[in-house]
Structure formats: structure tokens, C-alpha cells
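First up is the structure itself, then whatever we jot down about it.
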Amino acid sequence: DKGEFKHYMLKEIYEQPDAVARTLEMAIDNAETSKLRDDFLQRHETQLAAIRNVQVIACGTSYHAGMVAKYWFENLTRLPCSVEVASEFRYRNPVVVDNSLVICISQSGETADTLSALRDTQKQNPAGLVSLALCNVPTSSLVRETDIFLPTLAGPEIGVASTKAFTTQLAALMLLVLKIGVTQSRIDNQRLTTLLGELQKLPGQLYASLHLDADIKAMSESFEDKKSCLFLGRGLQFPIALEGALKLKEISYIHAEGYAAGELKHGPLALVDKDMPIVVLAPKDSMFDKLKANMQEVHARHGELFIFASESSKMLAEERMHVVYVPDVCETLAPIVYSVPVQLLSYHVAVMRGTDVDQPRNLAKSVTVE
Ligand code: F6R
């Protein structure tokens, strides 16, 4: 039931504050916020204590969640983490090192390539292999075939374009990073307390970002007759740029590419002209000054900039520059909050162009064949 919403996708975008809050409650007790709940993944502590390497395998949007997790794992725990799309991983005879945690991320838990990649790693049977399903469907094949099940509590996702599954995957991945960090004494108490405090604010920040809907709808009008679009981000926002481009292309059928903004000079800058909209994920973080230089590069070549920036950055819009201010959020969790404006932008562009938002052409919700 879509209730008051015109599409399932919009309903699911709006469900994100609750879905993320539910997912966080698996590990965070609202009455005791200085530590993780004792019962969170308690049965698996011995397994998690022994892992020395993380390998993430997933497809599509779930792969983008894995890319964010790589930044988190390496930055917060210093455990090496690789991320790969399942359809490549499974066919290139990859090395799975001993004591690896293999994380398969899948909303459906039935994605053929992800399942096969998992089975291949199990067949290789490296010492100390631990497999984990991060999945939205408890009864799925993926959950049955893995050692550990970490659920996303998104509730059923009907729209083919993944929204609340993605943000709940990110929330659950952050909990997992913290759990492993604490179990292996790789995260100190102060950092843990700070991050837990920030996580508590997350549902409210997601809720506040939904208030940008009208501004983003207004912004979307500039995209109606566009043929092609770039999404730029750096650091933790690079995967969100890829996700924004995927969302836009799959539901509006506008060609879109996500790029790490630092790569502009190495090719895509040649595409930029006055007809090229460039969406930039620009929170005020450690990469902001570098990103500003990248924005100037495209602006100087007459590209039209659509910027999602922090409220506190007080970035001023100039000619050929549109700015929507996103609520302030700590750098580590910003990719979760910045997912919302890119989802809303894609949604409104698609509605304006009259495409089938919930059932885009040629796509299926669950890809059970390779
Ligand atoms: C995009 C989208 C797809 C899925 C991909 C993996 O919006 O939904 O890219 O993310 O097909 O599906 P799961 O997560 O079910 O394995």
C-alpha cells in the first residue's frame, strides 16, 4: 500500500528515518548510549575476534554500500578491506586470504552473482574464513548459506530502485565496523562514544533532509531535457556520487556517471560544457577545499553546478550554480544523510519525465540469473 504517496519509491525514501532507527536499535540501546548492546552479534564474538581482513562482495547499489564500508573499516579499525562486484569477483580466480571476513551485501539475498561468489570463496576454503550476510530477507538463500546474519531492518522494499535498503545497509555496516573495532580493541572508548552519539542523531538528520524535498523538486526542473549528467564526490562521498548516478540513470533514463572529483582532469573534464549538469556532493569535510577547486574547474568550463552543501558552509550560489543546504552531519556518517538528496533528485527528475518510477524498463527487483 502506497498510502499518501504517489510511488513506492517516494514512500520508501520517506521511511528511511524509521528504518535506520530500527536498524540502529539492534546495537544501540537508547537508555545506555555509551556502549554497544551486549547482545549485538554476541554469539559471533570469537569469530569476529579472529578476522584480519575484510572482503566485501555485492552488486549495484549494495556494492556502493560496500565501498563506503571500505573507508570505514580501514579508517576506523585499520583492517584491510577490499570491495568488488560479484560478477567480476567470481570469474577471476580471486585470492581470499586466511582469516578473511567475507561480507555479502544483498537486499534480496537471491542475487545469483553474489551467491555464486560466496560459494566460490567457501570452495577455496581458506583457514579461518567467516562469511556474513548483510541482507533484508531473513529467509533468503544468502542468509542460509552464511555463518553470520546481520539484518537490515528496512521492511519490504517494493520499488526496483533501492533506497531504504541502501541506507539501512550503511547503518548496519557502521555497527559491524564498531563491533569488530571494539572486539579487537581497535577503537578506543572516546571514539566509540563520539560515534555512538552521532549515530543517535542520524534518524533526526535523515528526517531533516527530507525537508529538502521541495527545493530538490525545483532543482530537478533543470534536468528535464538533459541528455547526460555527472555526479562528483570525494572520499566517503565518492560512492554516493556513483549511487546518485545509478539512481538517475535507472529511473529517469538520463545517462549519468559518478566520478571521484579528483579524476576530472584525467578525462571527464572534456565532457563539460553549458549543457552538462554536474551534481556535487559537497559536505564541509576534510576534502571540502580540494572539492571546491574541482568545482571551480568545471565552472570555468561553463558547466552548470548543482551542489549539495552543508548548512554551515554558507556556500553562495553564483551564476550557473544551484545550492541546496543539507543539515550538518559528522564526516563519518555524512554518506548516509547525503544519500537522501540524490534519491529525491532522481525521483523528481523521473516523475517529470514521465517514466515508470517503481518499475523501470528492462530491470527486475531481484536478479536471480547472471
Ligand atoms: C539499484 C538496485 C540494484 C541492486 C542490485 C543488487 O537501485 O536496486 O542495483 O542493488 O541488483 O541487488 P541485491 O541487493 O538484492 O543483491
Side-chain angles (χ1 to χ4, degrees), residues 7-13 15-16 19 23 56-69 83-90 102-119 131-146 149-173 231 239-258 335 339-340 342-347 349-350 355-370:
H7 296 98
Y8 281 109
M9 182 181 177
L10 190 62
K11 174 171 177 267
E12 289 161 1
I13 289 173
E15 282 171 354
Q16 291 178 111
T23 300
V56 180
I57 305 168
C59 303
T61 290
S62 297
Y63 167 68
H64 297 150
M67 287 182 69
V68 174
V83 190
E84 195 164 347
V85 288
S87 57
E88 285 301 313
F89 183 88
R90 62 180 287 206
V102 170
I103 302 176
C104 296
I105 309 176
S106 175
Q107 186 284 128
S108 62
E110 302 297 345
T111 301
D113 281 322
T114 307
L115 277 168
S116 296
L118 167 70
R119 290 170 190 150
S131 59
L132 181 146
L134 176 55
C135 187
N136 201 37
V137 182
T139 53
S140 63
S141 310
L142 190 68
V143 172
R144 269 199 311 276
E145 295 184 30
T146 37
F149 171 37
L150 177 57
T152 44
L153 302 181
E157 193 181 61
I158 312 285
V160 164
S162 189
T163 53
K164 62 177 179 169
F166 179 63
T167 44
T168 54
Q169 282 166 353
L170 291 175
L173 283 163
F231 283 75
I240 307 307
L242 295 177
E243 174 60 9
L246 177 61
K247 262 336 47 124
L248 188 70
K249 70 186 120 183
E250 73 178 326
I251 60 170
S252 78
Y253 314 149
I254 294 176
H255 168 247
E257 282 190 73
S339 301
V340 176
V342 296
Q343 294 165 351
L344 286 170
L345 178 64
S346 305
Y347 173 77
V349 174
T355 55
D356 188 345
V357 173
D358 285 332
Q359 289 281 342
R361 66 187 183 199
N362 312 340
L363 298 177
K365 182 69 186 159
S366 185
V367 185
T368 54
V369 291
E370 75 168 280

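Note that ligands are numbered from 1 as they come in the structure, with each ligand's atoms numbered from 1 the same way. Starting from 1, each residue takes its place in the sequence as its number.
- Protein heavy atom at the shortest distance from atom 5 (C) of ligand 1 is C59 O, 3.7 Å.
- No side-chain donor-acceptor contact under 3.5 Å links S252 to the backbone of S346.
- Taking only nitrogen or oxygen atoms, main chain and side chain alike, T114 does not reach within less than 3.5 Å of ligand 1.
- Every atom of ligand 1 with a heavy atom of A161 under 4.0 Å away is listed here by number and element: 7 (O).
- Taking the charged nitrogens against the carboxylate oxygens, K164 and E157 have no contact shorter than 4.0 Å, which rules out a salt bridge.
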T146 and L132: side-chain contact (heavy atoms from CB on, under 4.5 Å), yes or no, with the steps? CA-CA 6 Å; T146 37; L132 181 146; 5.8 Å; no

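- The S106 neighbourhood of ligand 1 comprises atoms 13 (P), 14 (O), 15 (O), 16 (O), with distances under 4.0 Å to a heavy atom of that residue.
- A heavy-atom separation below 4.0 Å is not found between S366 and ligand 1.
- Between V160 and ligand 1, at least one pair of N/O atoms sits closer than 3.5 Å.
- Contact of the L134 side chain with the T152 side chain is registered, since non-hydrogen atoms from C-beta on lie closer than 4.5 Å.
- When each of S140, S141, S366 is tested with E110 by the rule side-chain hydrogen bond (donor to acceptor under 3.5 Å, both in side chains), just one qualifies, namely S141.
- With a heavy-atom cut-off of 4.0 Å, E250 touches ligand 1 through its side chain alone.
- Remark: distances from the non-hydrogen atoms of L363 to ligand 1 are all 4.0 Å or more.
- For atom 11 (O) of ligand 1, the closest non-hydrogen atom on the protein side is V367 CG2, 4.0 Å.
- Of all protein heavy atoms, the one closest to atom 15 (O) of ligand 1 is S108 OG, 2.7 Å.
- In terms of polar-atom proximity, defined here as any N/O pair under 3.5 Å, K365 makes no such contact with ligand 1.
- Note: L344 CG to I13 CD1 = 5.0 Å, rounded to the nearest 0.5 Å.
- The atoms of ligand 1 that sit less than 4.0 Å from any heavy atom of K247 are 1 (C), 7 (O).
- At a 4.0 Å heavy-atom cut-off, ligand 1 touches T111 through the side chain alone.
- Looking at heavy atoms from C-beta onward, L173 lies in side-chain contact with I105 at the 4.5 angstrom threshold.
- Partner T61 forms a side-chain hydrogen bond (donor to acceptor under 3.5 Å, both in side chains) with one of K247, Q107, E250 and no other, that one being K247.
- Nearest non-hydrogen protein atom to atom 4 (C) of ligand 1 is T61 N, 4.1 Å.
- Rounded to the nearest 0.5 Å, atoms CZ (R361) and CG (D356) are 11.0 Å apart.
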